[in-house]
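Every chain is numbered from 1 and lettered A, B, ... according to where its sequence line falls, protein lines coming before strand lines.
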Protein chains: 2
Amino acid sequence: MTERPAPSLPQAGDNEPIVLVVDDDPSVRRALTNLFESVGLKVAAFGSAQEILQSKPPEVPSCLVLDIRLPGLSGLDLQADLAKANIHTPIIFITGHGDIPMTVRAMKSGAVDFLTKPVRDQDMLDAVQAAIERDRKRREIEKTVSNVRSRFESLTPRERDVLSLVASGKMNKHVAAELGLAEITVKIYRGQIMRKMGAKSLAELVKMNEALGIQPPKRDDQT
Amino acid sequence: MTERPAPSLPQAGDNEPIVLVVDDDPSVRRALTNLFESVGLKVAAFGSAQEILQSKPPEVPSCLVLDIRLPGLSGLDLQADLAKANIHTPIIFITGHGDIPMTVRAMKSGAVDFLTKPVRDQDMLDAVQAAIERDRKRREIEKTVSNVRSRFESLTPRERDVLSLVASGKMNKHVAAELGLAEITVKIYRGQIMRKMGAKSLAELVKMNEALGIQPPKRDDQT
DNA sequence: GGGCGAGCTATACCTAGGTTTGTCCCGTAG
DNA sequence: CTACGGGACAAACCTAGGTATAGCTCGCCC
């Protein structure tokens, strides 16, 4: 099967997960490809960080298996670049001679696992399993949030003003006072907001607004 | 241990953070204690995992500095025990001869950092700073959540039934139908719920209910 | 200039939410 | 037995939320 950088990545309507392997050693690529395919996982293999950066990110649950030592951009550099590009595919590192600071850096930046060569097949499969599961959940959340966000984009500035006050629990009359409006105006905007956001109740609206507010489930603490 | 008046921290009550050091080597304990006190941090030092398990967990923002190699319970064991005991004080590991799997395990279990000897003072201080900050945030969240939870405990079973339906956005009449009640009864419960929960609006109630539902910010998240 | 959308308001009307007061049943703790 | 808390309900009453219809000003684009 394909093991070369010409991968048929994302097929629309297809939800089958894929493992992206990046290693400069062809024999490692082949071995990993075989391993993942033996359990029915799709695989795309790359020889360098640059190669995978040029391909477009997959639209299905996926994970990266990355040698930390790569020609050109290292695995850690690639991790940082992906984060900067807002691509959050979970990463599993493999290394022959890594050290602890490297490991800590990778894990703090969100790696799922960090395996040392020789890697036991089962360990690798477990890690990939966990990573894909994580990505699946992340994508699910991302999907609903971006849905809400796009609805929010359709609101006029004034409607947004009203939304934030309404979602904070203020009464129409207080919203009106705060924005210098008549109460009736607030009521009308409110109705428009409910329609545009597709909320069937105030409770739903509040939850949507929460989802918008708590945007970055990013983890990394003090940057 | 040593309690010197903190230099310039004007805090009411006792909110001063503390660093808990666990190392079997007295000279290391002394060195770390001096280091932390030199920047105005309180310190308590222990010679073994058992010792610290017997002391009561601090009520102020704090963190653990833990040698991974300890007599009796190892640092990793202690980490696991604390997690089991629902104590989530952030942990910084130090090690002389750790390996990568150990590091990965510790980080996956939520350690803030994993430093190798010889530890540079600044690295240690940075890590402690970050860990304490993390604990401060965790405590803040924990405080408000447990506040909400205790209010929730004061609700009668029936009030809880009504709460969950109301918070999901259902109208009084629908709640009534679903629970086999008269609408007026739901209204009355609803009022009682608002009073007991201390919510001034439906929006607040919804948020409180969300906070109750999303209970465990377990380590390992990171979506 | 005319059309358009955003923003704002009013009148009128209806529904949903919420409190008060008072009543009743039931089980249990004192 | 009595007191008490939980649960349930009703009538009356008031406030808040929400829709429809209609009308106004502005600024913008063609």
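Using a 4.0 Å cut-off between charged side-chain N and carboxylate O, A/Glu142 and A/Arg149 make a salt bridge. Between B/Lys207 and B/Glu204 there is no salt bridge, since no side-chain N of the basic residue sits under 4.0 Å from a carboxylate O of the acidic one. The pair A/Arg29-A/Asp24 does not meet the salt-bridge criterion, since no charged nitrogen lies less than 4.0 angstrom from a carboxylate oxygen.
When the ring pair (Phe, Tyr, Trp, His ring centres under 6.0 Å) test is applied to B/Phe93, the partners found at least two apart in sequence or on another chain are B/Phe114.
With rounding to whole Å, A/Leu205 atom CG is found 14 Å from D/dG18 atom C1'. Atom pair A/Lys200:NZ and D/dG18:P shows a separation of 15 Å (rounding to whole Å applied).
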field: nucleotides 7-26 of chain C: protein proximity per nucleotide (B base, S sugar-phosphate only, - neither; heavy atom, under 4.0 Å)
entry: SSBBB----SBBB-------
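B/Phe152 carries B/Arg160 over the face of its six-membered ring, with the cationic atom under 6.0 Å from the centre and within 45° of the normal.
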